[in-house]
Amino acid sequence: MKICVLVKSVPEAGVTKRINPSTGRLERGGETRDNPFDTHAIEAAMQLKEGGELQVDEIVAVTMGPEAAAKALRKAVSLGADRSIHLSDEALAGSDVNGTGYALARVLATESPDLVLLGQQSDDGECYTIGAVVADHLQMPSLTQVIKIDVEGGALRCERQAEYGYDTVSIPLPAVISVGDAINEPRYPSLKAIMGAKKKPLETKSAADAGIEADRVGYDHARAHCAEFAEPPAKAAGQIIEDEDTSETVEKIVAWLDERKLLA
Amino acid sequence: MSTATLPTFDPLDPLALDAQLDEEERLIRSTVRQYVREKFLPVVAEHFEAGTLPESIGQDLGALGLLGMHLEGYGCAGASATAYGLTCLELEAGDSGLRSFCSVQGSLAMYAIWKWGSEEQKERWLPGMAEGKLIGCFGLTEPDAGSNPAAMRTRAKKTDAGWVLDGAKMWITNGSLADVAVVWARTEEGKVNGFLVEKGTPGFSAPNMHGKLSLRASVTSELVLDGVEVPEANRLPEATSLRAPLSCLNEARFGIVFGAAGAARACYEAALDYAKTRVQFDKPIAGYQLTQAKLADMAVKVGNSTMLALHLGRMKDAGTLTPQHVSYGKYHNVSTAIDVARTARTVLGANGVTLEYPVLRHANNLESVLTYEGTHEMHTLILGQAITGLPAFT
């Protein structure tokens with residue numbers, strides 16, 4: 001079987017995120033890294049492959065973005081993906097979630113994966129929705145925020161993080177699953193894998209190569225535009241409780257929590 | 001020219017040296033940095049205090065492929081000298097003890113076998129050492145032979161069965177951890193030969209040295225050789241003079257040039273972070289001129305040291321690096337790192353003397369780094385001779 005993993009290049013955690021006032025889009029200059037949640041998706045794919053319960057023949061990393069986004073693919077192959085696909089086209093710039101999900105689904109459709117894995121959220125957009133959009137286009141069942149995957153016959157038994165605990169869901173393949181960071185501890189790429197990464201095939205596709213209809217992607221065809229934006233409001237200063245007498249301090253903290261009905 | 005396209009000044013990379021690295025080098029660098037930050041820094045203080053090295057280090061660095069990473073074949077990755085240097089930089093930003101482990105394993109023990117060993121010796125030891133499953137150490141320094149290794153007293157006597165080694169080595173990193181010790185000894189003919197002494201060989205012991213105030217998160221031992229019999233097959237066949245062990249030291253001190261820049265960077269980062277958050281007289285101390293003078297001085301020193309290391313790395317990869325260049329690098333970068341560590345300590349005030357912050361730990365470690373792998377004084381004399389043509393060693 002084939003697993004496709006969606007990865008994304010995002011700004012380094014230390015880089016201040018700015019929205020360009022003239023375009024209303026996130027500025028993507030500056031130092032970038034692979035989206036941390038996606039490394040958990042790659043690790044999940046590797047564990048399914050190494051677990052041996054499923055015959056995983058190939059892991060393919062897929063990204064969409066400008067030239068620099070290929071960095072996330074090289075990280076993905078150094079972590080174990082066998083090859084990678086880079087969807088890159090000026091016409092895709094400024095796509096919203098709907099357009100991005102459609103475009104990625106077009107690329108994935110040509111690969112006919114048995115399983116699509118991705119991080120549940122990206123460090124920059126934080127929309128949590130790409131997995132569901134991709135699944136809809138591919139007509140596959142979808143699970144989000146998955147923190148455990150077990151092989152159960154030909155299906156996957158997953159634990160999904162819910163608001164008050166976990167849902168256990170069995171999902172047939174093919175499927176699209178987005179994972180949370182509690183699912184595993186991603187390995188570090190080994191030096192040999194890093195050095196071998198450039199020998200693994202990297203295919204660059206244009207929108208036309210992927211059969212993407214031009215009027216469904218890009219800024220002009222986005223269904224959602226950022227109309228207005230503002231800095232988040234400054235947080236009010238917190239209350240500092242000096243620990244002079246510890247039992248008194250505990251009482252104060254409990255009272256504070258109780259007042260806000262935060263204690264069950 | 002428009003300034004709109006210029007990248008902004010990065011306080012943590014003041015010379016924008018990142019742009020000089022290729023993508024593979026950046027990925028190696030960021031992987032090692034991530035490992036150090038996630039796995040090593042959370043435990044280094046307790047190990048430094050206890051005088052121990054985390055037990056998993058060998059296997060961890062082996063799994064990352066960093067042990068002997070610059071060697072070709074035998075399970076080694078064959079990375080560039082620059083990639084090896086960047087690895088040393090990130091490891092030593094964690095602790096000089098961590099980098100020392102990697103240096104001794106890769107550049108002293110493994111390099112000695114790789115460069116001067118027989119095919120059988122390479123096959124037997126190098127793959128396991130690259131994985132970190134086998135640990136090596138390197139015994140050249142003796143109680144009475146430091147900067148002058150030619151004065152070594154350890155003797156190798158030829159017998160019908162092989163060789164008998166007698167003597168003692170001192171200040172040996174990884175000594176008691178080692179499965180194999182590369183021991184240098186003088187033969188009856190007066191030549192310096194290298195021998196692979198395996199752990200458990202009768203007459204061979206490696207008692208740990210205690211009471212160190214520096215490199216505490218590192219194992220330092222003596223090697224005691226009392227009538228140790230080793231077969232001829234354990235002699236490094238290609239090594240016949242002091243040139244052999246000195247070639248190994250030159251490899252290791254190349255890594256130190258980078259490593260010291262890493263230790264300096266860690267101290268500068270800690271000081272910068274502290275100065276921006278520590279409030280005195282109603283404003284962060286970073287806003288006072290005296291603190292800014294210290295921060296500017298540290299930023300320039302860290303930038304210059306890193307640039308120097310990178311330049312020497314590129315020269316090594318181009319095949320144009322001489323031992324004198326390496327002396328230049330160690331001379332500059334280690335003493336500069338000590339300056340930065342001490343300046344950083346003053347920015348952190350009393351907090352700077354605790355293990356909660358890295359600065360005095362680094363400052364203490366760097367005292368060892370200043371002395372080992374060729375003392376600062378010897379590198380001064382090597383440069384002196386290179387500049388004047390007049391040797392002043394004796």
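Model, not experiment: these values are computed from the prediction. Convention: sequence-line order gives letters A, B, ...; per-chain numbering from 1.
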(request) Report, as yes or no, whether the 6.0 Å neighbourhood of atom CD on A:E185 holds more than 12 heavy atoms from other residues, nucleotides or ligands. (result) no
(message) Quiz question: by atom type and distance under 3.5 Å, do the side chains of B:T8 and B:D10 form a donor-acceptor pair?
(response) no
(request) Would you kindly check if the NZ (Lys) or CZ (Arg) of B:K316 is within the cone defined by 45 degrees around the ring axis of B:F254 and under 6.0 Å from the six-membered ring centre? (result) yes
(request) Answer with side chain, backbone, both or neither: which region of B:E24 has an atom nearer than 4.5 Å to a non-hydrogen atom of chain A? (result) both
(message) Strictly less than 4.5 Å between heavy atoms, which residues of residues 189-198 of chain A line up against chain B? Please order them by number.
(response) A:P189, A:S190, A:L191, A:K192, A:I194, A:M195, A:K198
(message) I'd like to verify something: which residue of B:L27, B:T87, B:D18, B:L12 has the highest number of heavy-atom pairs under 4.5 Å with chain A?
(response) B:L27
(message) Pair B:Y274, B:Y357 - check ring-ring contact (aromatic ring centres under 6.0 Å, His included), show working.
(response) CA-CA 10 Å; B:Y274 189 88; B:Y357 296 91; 5.7 Å; yes
(message) Looking at A:R83 and A:E111, is there a salt bridge between them, counting it only when a charged N and a carboxylate O are closer than 4.0 Å?
(response) yes
(request) Would you please say whether a donor-acceptor pair under 3.5 Å links the side chains of A:E159 and A:Y166? (result) no
(message) At a 4.5 Å cut-off on heavy atoms, which part of B:A79 comes close to chain A: side chain, backbone, both, or neither?
(response) both
(request) Would you please classify the geometry between the B:Y111 ring and the B:H70 ring as parallel, tilted or perpendicular, with 30° and 60° separating the classes? (result) parallel
